[in-house]
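One structure below.
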Amino acid sequence: MARTKIAAVLRDGQPGTTVDVRGWVRTKRESKGDFAFLELNDGSCFANLQVVVDGKLPDYATLIKQITTGASVAIDGEIVASPGKGQRVEVRATALRLLGTADSTTYPLQKKGHSFEFLREKAHLRPRTNTFGAMARVRNALCYAIHEFFQDRGFLYVHTPIITTSDCEGAGQQFQVTTLDIAKAGSGLRAKGSGTEKKNPDAADPASSSVTQPLALSPQPSIDYSTDFFGKKAGLTVSGQLEGEAFACAVGDVYTFGPTFRAENSNTTRHLAEFWMVEPEMPFYELEDDMALAEDFVRTIIRKVMERCPDDLQFFNDRIEPTLLESLKNIVDHDFIRLTYTAAVEILQQSGQKFEYPVEWGHDLQSEHERYLTETHFKQPVILTDYPRAIKSFYMRCNEDGKTVRAMDVLVPRIGEIIGGSQREERYDVLVERMKECGLNPDDYWWYLELRKYGTVPHAGFGLGLERTLQLITGMVNIRDCIPFPRVPGSAEF
RNA sequence: UCCCCGAUAGCUCAAUGGUAGAGCGAGCGGCUGUUAACCGCUAGGUUUUAGGUUCGAGUCCUAAUCGGGGAGCCA
């Protein structure tokens, strides 16, 4: 008999038919001597399958004692209508095989709730819990919806490199990739109190006195990268955008969807050192087209996950965030608010709200400002555009006012920025000037500039953080619970 | 990286500077077509680590480590 998944049994199982089901025991309720109930879960759906094990089965007394929370079993049985409440059908076991025990005195997952902090230390076992099983299915449904959205619209899925030698992607600190002998190269910045670190060569450089301290190895003046694997300094990608533009300016609408790495010492509920990002890039798009796509994208993928994972989302609504379904429906059903950065600053300044940081044109908006706009003022997602050029990246198209760029951020309640995008600067001369203005060397971007030198076109794109989207969709507070095995500063176990 | 808070039984948490406890989980027993099952009993501790103050420290002080929340960087 072929194994049947529990989702299929619960959805389609007809009383009178026989099945082979396998999975992990969530709980056992024993009726002395007579029979026992097993709650079986195989991850195929949120619900457990109730299995009734009769006391007359061979070796019942021995087996049932060894079947504890966490044990794995294979069961042949008959589907019967369930006389009890809570399930349409259940399985009456005719044969029971114990595949693996889980010693109840040491198995970490008990028949009770656990804190997420505790489960993060058991990342290999937490997918066996309600919350993380649901997260895995929602994450899968979300990724499916993302591909579907772009494929339906004729976008090409392109693979941009994970390893890059363009040290100048401009989106954050890179992890270094090297085959050089690290042991001889010095200690990382995380090594506290080591006297050797006092003479950091960057310490006196005002350009590096940003609030973000890189965790990557500090460059040693003596290192000759021409002897390294790629013949020059290499790192893990912080964005596939620049390479994405190369393909957008050749084969039309494209998107990338892959892992992204930032070696920033960010310790928040919204940051990971390794995360997944979706980056579409479209030729002949201007900012308005970019915004329209981004909005359609966010609303569509949320709607599809709601359609495909109703049980999982109901669980998140019941146990994690009571306003979840309401807020998701609000996003799906309403147009996003669109306004310029300048207009947003005016709203904030006239709000009468007391902010810890003052609102001033030219400064980037703080978390509290973004939250006020999305959670208090508009109570729905907001797309802000035309930010001051001084606080945005070099590749964003300059407006005629000389003060702003064609940038757009999609802000959502609870999470803040979920999408960052822009129309790209397609004018060669303007881009070169802008690079210099940002303190970059145009020579380092020679191939990126050639995209403007030869057959340049207006184009635009954006990036969406997958795990932040999962925070939005599931209501989970900490982004570390939205990725199977989180990587954050000081932590990459598993 | 900065600010704040925390670390006590397997888990979640109590405990005036003076004998370390509860709930849940676990083990055993009872009861029951049960479903966060229920009832009783039992076991379970170098109070994160290293120093210090004190007659005496889970409690006060210093440092380290780890964790959480907030901020910055950003997706």
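Letters A, B, ... mirror the listed sequences (proteins, then strands); counts begin at 1. Below, all heavy atoms of this structure are taken into account, side chains as well, without hydrogens, waters or symmetry copies.
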(request) Ignoring backbone atoms, test whether A/Asn478 places a side-chain nitrogen or oxygen under 4.0 Å from the OP1 or OP2 oxygen of B/G69. (result) yes
(message) Please report the distance separating the C1' of B/A9 from the corresponding atom of B/C13, rounded so that it comes out in whole Å.
(response) 11 Å
(message) OP1 or OP2 of B/U12 versus the side-chain N and O atoms of A/Ser115: is any pair under 4.0 Å?
(response) yes
(message) With a cut-off of less than 4.0 Å, is there a side-chain N or O of A/Arg120 near OP1 or OP2 of B/G68?
(response) yes
(request) Determine the interatomic distance between C1' on B/U16 and the same-named atom on B/A57; round to the nearest Å. (result) 14 Å
(request) Send over the distance from A/Phe315 CZ to B/A36 C1', rounded to a whole Å. (result) 12 Å
(message) Can you confirm whether A/Leu373 sits close enough to A/Leu384 that some side-chain heavy atom of one is under 4.5 Å from a side-chain heavy atom of the other?
(response) yes
(request) Determine the Euclidean distance between corresponding P atoms of B/A22 and B/C41; express it in Å to zero decimal places. (result) 12 Å
(message) Could you tell me how far apart A/Glu264 (CD) and B/A71 (P) are, to the nearest whole angstrom?
(response) 17 Å
(request) Would you tell me whether A/Gln50 and A/Arg29 have side-chain atoms, one donor and one acceptor, within less than 3.5 Å of each other? (result) yes
(request) To the nearest Å, give me how far apart CD1 (A/Ile391) and C1' (B/G72) are. (result) 14 Å
(request) For A/Gly84, answer base if it contacts any base atom (sugar-phosphate contacts may also be present), sugar-phosphate if it contacts only those atoms, and nothing otherwise; contact means non-hydrogen atoms under 4.0 Å. (result) base
(request) State whether A/Ser104 places a side-chain N or O below 4.0 Å from either non-bridging phosphate oxygen (OP1 or OP2) of B/G27. (result) yes
(request) Using a cut-off of strictly less than 4.0 Å, decide whether A/Arg26 has a side-chain nitrogen or oxygen near OP1 or OP2 of B/U35. (result) no
(request) Tell me which nucleotide among B/C11, B/G33, B/A71 gets nearest to the side chain of A/Phe118. (result) B/C11
(message) Looking at A/Glu425 and A/Arg406, is any side-chain nitrogen of the basic one under 4.0 Å from a carboxylate oxygen of the acidic one?
(response) no
(message) Could you tell me how far apart A/Lys122 (NZ) and B/G25 (P) are, to the nearest whole angstrom?
(response) 19 Å
(request) Take the protein atom CG of A/Leu411 and the nucleotide atom P of B/A75, then report the distance between them rounded to whole Å. (result) 12 Å
(request) Check the distance between B/C66's P and A/Glu493's CD and give it to me in whole angstrom. (result) 13 Å
(message) With a 4.0 Å limit, can you tell me whether A/Arg29 has a side-chain N or O closer than that to the phosphate oxygens OP1/OP2 of B/A36?
(response) no
(request) State whether the distance check finds a donor on one side and an acceptor on the other, under 3.5 Å, for side chain A/Gln110 versus base B/G10. (result) yes
(message) Quiz question: by atom type and distance under 3.5 Å, do the side chains of A/Arg319 and A/Asn130 form a donor-acceptor pair?
(response) no
(message) Under 6.0 Å between ring centres: does that hold for A/Tyr157 and A/Phe257?
(response) no
(request) Let me know the distance between CG of A/Leu365 and P of B/A71, rounded to the nearest Å. (result) 14 Å
(message) Check this for me, if you would: do A/Asp409 and A/Lys392 make a salt bridge, where the nitrogen-to-carboxylate-oxygen distance has to be below 4.0 angstrom?
(response) yes
(message) Does a side-chain N or O of A/Lys111 approach OP1 or OP2 of B/C11 to a distance below 4.0 Å, or not?
(response) no
(request) Give the nucleotide from the list B/U12, B/G69, B/G25 with an atom nearest to the side chain of A/Val477. (result) B/G69
(request) Kindly say whether, by distance alone, the side chain of A/Glu30 makes a donor-acceptor pair under 3.5 Å with the base of B/U34? (result) no
(message) Is there aromatic stacking of A/Phe275 on B/A75 here, judged by a ring-centre distance under 5.5 Å and a plane angle under 30°?
(response) yes
(request) May I ask you to evaluate whether A/Thr268 reaches the phosphate of B/G72, defined as a side-chain N or O under 4.0 Å from OP1 or OP2? (result) no
(request) Quickly work out the A/Gln366 CD to B/C3 C1' distance and round it to whole Å. (result) 15 Å
(request) State whether A/Thr269 places a side-chain N or O below 4.0 Å from either non-bridging phosphate oxygen (OP1 or OP2) of B/G70. (result) yes
